[in-house]
Amino acid sequence: MERNNANPQDLPMAVEVNQEGLQSNEDLHLVLVLRLPSFKLPLNDILRPHFHLIDPADSPEPACSFLSNHAQSVRALICVGYTPVTAETLNLLPSLELIVASSAGVDHIDIQECRRRGIIMTNASTSFAEDAADYAVALLIDVWRRISAADRFLHAGLWPVKGDYPLASKKQRLDVGRVLISSCDHDFIEQAITMMLMERSMKALVTILVVWLPELGGVDVDIAAHENDFQGSIEGASHPSPHAELHEASLSISSPRAKDMPSGAKTTGKIELRLGRFVAELNPIDPVQTLGPKIVPNALRDEAGLSWKVGCLSGCGPGPPGLGPNNGDDAIIDFFIGRIEKETKEDSEAQLRPNLRGKRVGIVGLGSIGFKVSKRLEAFGCSIAYNSRMEKPSVPFPYYANVLDLAAHSDALVLCCSLTEQTRHIINKDVMTALGKKGVIINVGRGGLIDEKELVQFLLRGDIGGAGLDVFENEPDVPRELFELDNVVLSPHIAISTPESFEAVHQLILTNLKAFFSNKPLQSVYQIE
Ligand SMILES: O=CC(=O)O
């Protein structure tokens with residue numbers, strides 16, 4: 001390919017001023033720098049002696065008009081960090097032949113448009129692999145051993161006040177939300193539970209919502225605590241309670257009326273209750289007449305991300321005449337206390353964190369980063385398996401052709417693959433379910449690899465064991481619900497941010513640009529599929 005120097009008359013005046021004593025701009029090849037204003041790397045100092053850099057972010061002119069006015073002859077572009085390169089931008093660059101990406105992932109660049117235009121692309125390739133692998137392992141150890149949570153405990157000055165961390169962490173106060181589907185005497189139940197908790201020296205904040213299904217076709221809401229927080233009106237309630245005018249409940253329930261419902265049938269409705277800033281989502285419930293107390297695992301969460309444990313009891317209490325068993329309030333209290341004791345015990349056991357030896361780690365994407373992760377974790381005594389587009393014959397670890405099977409055979413998944421149309425939301429509800437309640441997810445790839453909304457729900461419900469996340473779907477926005485969870489370690493996309501990684505990628509960019517303008521082979525060409 002013939003590669004001409006830029007036409008001097010196309011060069012913008014004084015966008016990047018060359019250092020004194022160096023060649024004048026007109027003798028240097030023109031290179032466009034595309035970067036978000038927040039990305040300021042020392043890259044320019046390294047490149048400026050060799051190229052005439054133009055950078056719209058340094059110009060008062062709007063980017064589009066800058067590109068139309070000054071970049072028509074640009075043949076090479078450096079894409080800094082995750083700056084989007086869209087088809088619209090490429091349209092403004094008719095002479096473009098090369099994009100040099102400073103990142104390893106290139107999902108922010110319209111790859112198909114590049115292919116259509118015959119534009120070559122290079123990326124950071126292996127420059128970041130060591131640092132990204134170190135960071136993935138660090139996140140995994142942190143989630144498993146709760147290092148950041150322990151650090152927060154000390155930073156908050158809690159050790160001398162509350163005693164040793166494992167016995168005095170926040171989890172010692174169990175926040176319990178309970179939803180009763182019943183006509184039982186909730187005041188009595190709340191008092192009884194509180195007394196029994198005190199007897200057992202358990203600190204628990206018990207909130208009881210009572211949802212009474214007087215005749216199963218109607219839904220009534222009453223409440224035993226925080227009544228003043230509960231405002232609005234009940235939609236769809238056929239039997240408003242005495243406090244109905246204080247309540248806000250968004251109820252949608254598609255259960256047939258009791259008289260039309262065959263015995264043993266299940267309602268399919270989904271109920272969402274809003275209590276002040278708390279939201280309870282209830283799974284479909286069983287009708288009163290079919291069951292004794294039954295827990296439906298659920299989550300009640302507040303805006304600050306505090307996770308509540310909610311049980312949904314159905315079919316307890318005397319119930320309306322003629323309907324269902326009369327289990328009595330004692331049964332309910334026993335049931336509650338049993339659950340609370342169990343959860344408290346589980347929580348304090350959860351303070352003793354597992355080590356890494358013998359754990360099964362599934363690596364999603366066994367490229368340069370994934371492979372380095374595997375080597376590091378082998379040294380910790382973990383057993384490794386992997387999923388990637390194709391099995392790698394030279395690799396000794398078990399290969400799983402799909403992530404669901406890998407998850408079912410792993411204690412943790414470490415995501416190291418790139419984000420493509422094929423890998424978007426590769427970690428979905430089914431994969432998280434297969435990974436299980438103790439399973440951990442580490443992501444140093446891209447946020448879009450995980451269905452983030454689902455992940456948040458799984459974490460809030462305790463349906464997976466934890467997560468270590470360096471990347472998010474909508475950076476820099478991170479779901480607030482995650483902030484309070486001790487089993488989640490959050491990091492602002494910095495796994496690769498070390499001086500060593502940056503130096504390596506700067507040298508790679510310099511080498512590639514020099515090679516391009518002297519018709520030599522490029523390094524780290526990204527294969528567009
Ligand atoms: O996330 C880092 C990269 O893709 O370079």
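Residues take their numbers from the sequence shown, with the count starting at 1. Indexing begins at 1, ligand by ligand and atom by atom, following the structure's order.
Ligand 1 has a nitrogen or oxygen under 3.5 angstrom from a nitrogen or oxygen of Arg446.
Applying the 4.0 Å criterion to heavy atoms of Phe128 picks out, from ligand 1, the atoms 5 (O). Short contacts between ligand 1 and His493, defined as distances under 4.0 Å to a heavy atom of the residue, involve ligand atoms 1 (O), 2 (C). Listed by atom number, the atoms of ligand 1 under 4.0 Å from Gly105 heavy atoms are 3 (C), 4 (O). Taking every heavy atom of Ser103 and a limit of under 4.0 angstrom, the matching atoms of ligand 1 come to 3 (C), 4 (O), 5 (O).
Taking the six-membered ring where the residue is Trp, the centroids of His493 and Tyr82 are separated by under 6.0 Å. Residues Tyr399 and Tyr386 place their aromatic rings such that the two centres sit under 6.0 Å apart.
With Asn123 contributing its side chain and Ala101 its backbone, the two residues share no donor-acceptor pair below 3.5 Å. For Asp411 (side chain) and Gly439 (main-chain N/O), no donor-acceptor pair under 3.5 Å exists by modelled atom type.
Summarising the contacts of atom 5 (O) of ligand 1 with Ala495, Ala104, Gly81, the nearest heavy atom is found in Ala104.
Rounding to the nearest 0.5 Å gives a distance of 8.5 Å between OH of Tyr135 and OG of Ser497.
For atom 2 (C) of ligand 1, the closest heavy atom belonging to the protein is Tyr82 OH, 3.4 Å.
A salt bridge links Asp58 to Arg35: at least one charged side-chain nitrogen sits closer than 4.0 Å to a carboxylate oxygen.
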